Amino acid sequence: MTTHSTTHTPALLPVCGARRTLPDHLVPVAHAHTPASATGDTETARVERDLRCTLQAHTTGDHHAYAMHLPGADTGSLWVRWTHPHDPLALTVLPDCRTRAPEPLDETCCQYADHPGGHCYELTDPWHPTTQPA
């Protein structure tokens, strides 16, 4: 008699993926949040211009996209928010989500604190596929 061992892998939830481009007038606003802005060296601060909503797929509420990590401990990140069909109007500093995935993943969620829907390690993104254990 042969015994087979299987590991249950939970189904991943779809990511929203709504797209926008960060308006040109918000790039200097983002750079103003970095220490490099004091010296005028904004080349080192990477601002994400191609925005994608990283929340779990949703039909209501605002879309949120990561724009830039802020240097330092517990500083959070810059996020862009918009409502379909409008373009983003502002950047918002939001604290990082501190929820950790259970073992064996042991990674921290890449969203902002108190975000709606699943954590990033619970989502599937066709642009960034995750390898799941068999």
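Along the sequence shown, the residues carry numbers beginning at 1. Treat the numbers as computed from the prediction; the structure is a model and nothing was measured.
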Task: Check: D24 and R49 side chains under 4.5 Å, non-hydrogen atoms - done: yes
TODO: Compare every heavy atom of G118 with every heavy atom of L13, then report the nearest pair and how far apart it is.
DONE: CD1-CA, 4.4 Å
Open item on the list: Could you report the tightest heavy-atom contact between A18 and W82, atom names first, then the distance?
Closed with: O-CZ2, 3.6 Å
Task: From OG1 (T54) to CZ (R52), nearest 0.5 Å - done: 8.5 Å
Open item on the list: Minimum heavy-atom separation for P23 and P88, please, with both atom names.
Closed with: CG-O, 3.5 Å
Open item on the list: Using the side-chain hydrogen bond (donor to acceptor under 3.5 Å, both in side chains) criterion, which residues pair with R81? Sequence neighbours excluded.
Closed with: D62
Open item on the list: Let me check something: do L91 and V93 share a hydrophobic cluster, defined by ILVMFWY side-chain heavy atoms less than 4.5 Å apart, either directly or through other members?
Closed with: yes
Task: Sequence neighbours excluded, every pair satisfying salt bridge (charged side-chain N to carboxylate O under 4.0 Å, His left out) that has a member inside residues 64-75 - done: D74-R98
- [ ] Find the distance between CG (L12) and OG1 (T124) and round it off to the nearest 0.5 Å.
- [x] 5.5 Å
TODO: Is it possible for you to say whether Y66 and V29 belong to one hydrophobic cluster, with membership spreading through side-chain heavy-atom contacts below 4.5 Å?
DONE: no
Open item on the list: So, taking the atom named CG in L78 and the one named CG in L22, what distance separates them when rounded to the nearest 0.5 Å?
Closed with: 9.5 Å
- [ ] Just do the side chain to side chain contact (heavy atoms under 4.5 Å, CB included) check on C16 and Q56 with the steps written out, would you?
- [x] CA-CA 5 Å; C16 174; Q56 180 181 333; over 6 Å; no
Task: Under the side-chain hydrogen bond (donor to acceptor under 3.5 Å, both in side chains) test, residues paired with T108 that sit two or more places apart - done: R100
Open item on the list: Quick check: do M68 and L70 have side-chain heavy atoms less than 4.5 Å from each other?
Closed with: yes
Open item on the list: Quick test of your reading: applying salt bridge (charged side-chain N to carboxylate O under 4.0 Å, His left out), list the pairs with at least one residue in residues 82-97, sequence neighbours left out, ordered by first then second residue.
Closed with: R20-D87
Open item on the list: How close do V15 and L123 get, counting heavy atoms only, and between which atoms?
Closed with: CG2-CD1, 4.3 Å
TODO: On the 0 to 90° scale, with breaks at 30° and 60°, tag the H84-H63 ring pair as parallel, tilted or perpendicular.
DONE: perpendicular
Open item on the list: If you compare all heavy atoms of A30 against all heavy atoms of V47, which two are closest, and at what distance to 0.1 Å?
Closed with: CB-CG2, 3.7 Å
TODO: Answer yes or no: are there more than 12 heavy-atom neighbours, outside L89 itself, under 6.0 Å from its atom CG?
DONE: no
Task: salt bridge (charged side-chain N to carboxylate O under 4.0 Å, His left out) contacts touching residues 107-122 (sequence neighbours left out) - done: none
Open item on the list: Applying side chain to side chain contact (heavy atoms under 4.5 Å, CB included), can you list everything that pairs with Y112, at least two apart in sequence or on another chain?
Closed with: L55, H64, W79, L94, H115, P116
TODO: State, to 0.1 Å, how close H69 and S77 come at their nearest heavy-atom pair, and which atoms those are.
DONE: ND1-OG, 3.4 Å
Task: Atom pair SG (C53) and NE2 (H58), whose distance is rounded to the nearest 0.5 Å - done: 3.5 Å
